[in-house]
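Some notes on the structure that comes next.
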Amino acid sequence: IILKIYTTMQREIKFRVWGAETQKMYYLGHGLSLHFNGNKNKIPWGLYDDINEVRLVTGDINAIINEPGKLMQFTGLRDDIKGKEPYEGDIVKYYLDSGIEGDDTQTEYIEAIEWVGCGFELDGVPLTLLEDWPFEIIGNIYETPQFLK
């Protein structure tokens, strides 16, 4: 089951989960689902294998036995080079012009997408202001942190 919610902007809301214990990225669907527990068990969420009926990742930040996973949201944009879907925590590479008329030089930037306040940002700039910039996903902060300088 893939959680799909559409806002007034028609942005698809999807999530993925980093399993801190398994060191694996999980994408919802194909027998994987998120269960939100509220205050029932004091565990805010968990990633479940619906086929084998087991919890793969806990969202409990106070877990003693299991290291909590990280829940990341889809930005609603598309990678211009590979066509991939960027999520919170992805590391992207993009180029910006110098801003000087007649100067064609570009500067390369490598930044991680973060959720700050109520929106996605790249190095403090709201992603909504940057969505027209061509970018490429080159990794994520969990599997390839070495791409961040």
Side-chain angles (χ1 to χ4, degrees), residues 1-36 43-52 54-63 66-149:
I1 297 172
I2 296 177
L3 177 64
K4 291 185 179 182
I5 302 171
Y6 293 90
T7 66
T8 57
M9 295 173 25
Q10 295 299 308
R11 181 174 73 84
E12 187 175 8
I13 307 295
K14 299 191 295 186
F15 295 92
R16 70 179 182 191
V17 173
W18 172 250
E21 288 188 12
T22 60
Q23 297 290 291
K24 182 177 177 184
M25 192 70 73
Y26 297 95
Y27 291 83
L28 298 182
H30 309 292
L32 300 179
S33 65
L34 283 176
H35 294 217
F36 293 92
I43 300 173
W45 62 271
L47 177 72
Y48 288 83
D49 174 341
D50 294 327
I51 296 167
N52 297 308
V54 296
R55 184 176 69 203
L56 299 173
V57 179
T58 182
D60 184 2
I61 59 171
N62 298 311
N66 304 105
E67 188 175 347
K70 304 295 182 193
L71 185 62
M72 294 164 278
Q73 189 177 161
F74 171 51
T75 65
L77 302 176
R78 291 280 186 269
D79 171 324
D80 296 302
I81 309 299
K82 299 175 184 169
K84 294 168 109 181
E85 297 179 331
Y87 283 78
E88 173 184 1
D90 276 339
I91 300 170
V92 299
K93 178 170 54 174
Y94 60 96
Y95 298 89
L96 292 180
D97 295 332
S98 68
I100 301 170
E101 190 173 329
D103 183 356
D104 293 337
T105 59
Q106 293 187 323
T107 303
E108 177 184 275
Y109 293 89
I110 296 177
E111 305 289 343
I113 298 171
E114 298 178 288
W115 179 264
V116 179
C118 59
F120 296 105
E121 293 184 0
L122 272 176
D123 195 28
V125 179
L127 204 55
T128 54
L129 298 177
L130 310 177
E131 62 187 322
D132 292 332
W133 296 353
F135 67 89
E136 176 184 11
I137 299 169
I138 60 171
N140 65 65
I141 60 174
Y142 299 105
E143 296 170 305
T144 53
Q146 67 274 16
F147 291 149
L148 289 175
K149 297 175 184 175

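Index from 1, following the sequence. The figures that follow rest on heavy atoms only: side chains count, while hydrogens, waters and symmetry mates do not.
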Do Leu56 and Thr22 make a side-chain contact, defined as non-hydrogen atoms from C-beta onward lying under 4.5 Å apart?
no
Looking at every heavy atom in both Gly19 and Val57, which two are closest together, and how far apart are they?
CA-CG2, 3.8 Å
Taking C-beta and beyond as the side chain, do Asn140 and Arg16 meet within less than 4.5 Å on heavy atoms?
yes
Go through the steps for Met25 and Met72 under the test side chain to side chain contact (heavy atoms under 4.5 Å, CB included), then give the verdict.
CA-CA 10 Å; Met25 192 70 73; Met72 294 164 278; 3.4 Å; yes
Please give me the minimum heavy-atom distance between Tyr87 and Asp90, naming the atom from each residue.
N-OD2, 2.7 Å
Just wondering, do Leu34 and Leu47 contact through their side chains at under 4.5 Å, heavy atoms?
yes
Taking the side chain as every heavy atom from C-beta outward, state whether Lys70 and Glu88 have any pair of such atoms under 4.5 Å apart.
no
Can you name the nearest heavy-atom pair linking Leu28 to Phe15, along with the distance?
CG-O, 3.5 Å
Value rounded to 0.5 Å, distance of CG in Asp123 from CD in Glu111
4.0 Å
NE2 on His30 to CG on Asp50, rounded to 0.5 Å:
13.0 Å
Would you call Phe135 and Leu122 a side-chain contact if the rule is heavy atoms closer than 4.5 Å?
no
How close do Ala20 and Pro68 get, heavy atom to heavy atom, and via which atoms?
CB-O, 3.3 Å
In this structure, are over 12 heavy atoms from other groups packed under 6.0 Å from Asp103 atom CG?
yes
Ring-plane angle category for Tyr142 and Trp18, please: parallel below 30°, perpendicular beyond 60°, tilted otherwise.
parallel
Distance (rounded to the nearest 0.5 Å) between Ile113 CD1 and Thr75 OG1
5.5 Å
What distance separates Leu96 CG from Glu108 CD, expressed to the nearest 0.5 Å?
11.0 Å
Let's go through Leu32 and Asp49 carefully: what are the C-alpha distance in whole Å and the side-chain angles of both, what is the deciding distance for side chain to side chain contact (heavy atoms under 4.5 Å, CB included) to 0.1 Å, and is it a yes or a no?
CA-CA 5 Å; Leu32 300 179; Asp49 174 341; 4.3 Å; yes
Considering non-hydrogen atoms only, spot the tightest contact between Glu85 and Phe74 and give its length.
CB-CE1, 3.2 Å
I would like to know whether Thr144 and Ile138 meet side chain to side chain contact (heavy atoms under 4.5 Å, CB included); could you show each step before the answer?
CA-CA 8 Å; Thr144 53; Ile138 60 171; over 6 Å; no
Using every non-hydrogen atom in the two residues, find where Gly124 and Glu121 come nearest and quote the distance to one decimal.
CA-OE1, 3.3 Å
Close side-chain approach of Phe120 to Gln73, heavy-atom, < 4.5 Å
yes
Note, Lys14 side chain near Tyr27 side chain (heavy atom, < 4.5 Å):
no
Examine distances only and state if a side-chain atom of Asp79 and a backbone atom of Glu136 form a donor-acceptor pair shorter than 3.5 Å.
no
Are any side-chain N or O atoms of Glu21 and backbone N or O atoms of Glu67, one a donor and one an acceptor, separated by less than 3.5 Å?
yes
Can you check whether Ile91 reaches Ile137 side chain to side chain, under 4.5 Å on heavy atoms?
no
